[in-house]
Amino acid sequence: DAKTTQPPSMDCAEGRAANLPCNHSTISGNEYVYWYRQIHSQGPQYIIHGLKNNETNEMASLIITEDRKSSTLILPHATLRDTAVYYCIVRNSGSARQLTFGSGTQLTVLP
Amino acid sequence: NAGVTQTPKFRVLKTGQSMTLLCAQDMNHEYMYWYRQDPGMGLRLIHYSVGEGTTAKGEVPDGYNVSRLKKQNFLLGLESAAPSQTSVYFCASSSDRGLNIQYFGAGTRLSVL
């Protein structure tokens with residue numbers, strides 16, 4: 001799995017967009033970018049994934065640069081309940097393997 | 001849709017006691033996993049299963065046993081609990097088709113005194 005680098009913490013005002021960056025410069029052609037989050041004392045929650053193209057679902061948008069060496073998770077209208085640690089994970093799809101959660105970004109949404 | 005359900009949510013054990021943690025999923029997933037998370041640290045894989053009747057060791061399997069007698073259930077056993085096993089335990093499941101997106105339970109908080 002490719003190594004990822006994320007800022008340790010970020011703040012965002014409630015109602016504003018939260019943009020969480022992730023660097024993955026060693027990503028290989030068949031590796032996907034996944035985002036999970038862990039709200040305090042809860043189990044990790046899958047958010048979104050992508051390979052090359054930008055993706056959007058009901059939770060967030062994922063923007064992947066053309067060279068695929070970095071990506072940004074966007075929460076369009078952050079709420080207090082979005083306060084969590086956000087993890088960017090790069091890995092192949094398919095077989096059952098451990099998800100390796102790095103340090104992640106602690107996002108704090110401020111009222 | 002319950003997803004992944006873990007029981008119990010909390011437990012306190014004395015050193016040397018045994019217990020079983022139950023994980024149940026209703027998504028018809030082939031793959032199931034047990035992780036532990038220590039304070040301020042990431043998740044570490046204990047054991048996993050790629051199907052009914054099969055199990056495999058993860059990163060930190062010592063002191064734990066698992067069984068997958070039914071597709072929907074994955075049991076984690078501690079035969080003789082030790083204080084080092086004080087942790088939060090998370091179960092997850094994923095499909096064997098597509099992108100192996102893992103869905104997690106709410107966790108079991110275990111303290112071993």
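A note on names: the letters A, B, ... follow the listed sequences, proteins ahead of strands, and every chain is numbered from 1. This structure is a prediction, so every number in the text was calculated from the model and none was measured.
By the criterion of side-chain heavy atoms lying less than 4.5 angstrom apart, applied directly or through intervening Ile, Leu, Val, Met, Phe, Trp or Tyr residues, B:Y64 is grouped together with B:L110 in one hydrophobic cluster. A continuous path of hydrophobic side-chain contacts links B:L76 to B:L13 [ILVMFWY only; heavy atoms under 4.5 Å]. Hydrophobic clustering (side-chain heavy atoms under 4.5 Å, transitive across Ile, Leu, Val, Met, Phe, Trp, Tyr) keeps A:I39 apart from B:F104. If you chain together hydrophobic residues whose side chains sit under 4.5 Å apart, B:Y35 and B:Y31 fall into the same group. Tracing side-chain contacts under 4.5 Å through hydrophobic residues (I, L, V, M, F, W, Y), one never reaches B:V50 starting from B:I46; they form parts of separate clusters.
Taking B:L43, B:V4, B:L45 one by one and counting their heavy-atom pairs under 4.5 Å with chain A, the maximum is reached by B:L45.
Side chain of B:R109 to main chain of A:S41: a donor-acceptor pair is present (N/O by atom type, distance under 3.5 Å, no hydrogens or angles). Checking side-chain atoms of A:Y36 against main-chain N and O of B:Q102 turns up a donor-acceptor pair under 3.5 Å.
Contact of B:Q37 with chain A is made through the side chain alone, with heavy-atom distances under 4.5 Å.
Once rounded to the nearest 0.5 Å, the distance linking CZ of B:F90 with CD of A:Q38 reads 5.0 Å.
Listed in order of number, the residues of residues 12-26 of chain A that approach chain B to under 4.5 Å between heavy atoms amount to none. Residue-level contacts of residues 45-71 of chain A with chain B, in order of numbering, are A:Y46, A:H49; threshold 4.5 Å between heavy atoms.
Environment of CD in B:E52: crowded, with over 12 heavy atoms of neighbouring residues, nucleotides or ligands closer than 6.0 Å.
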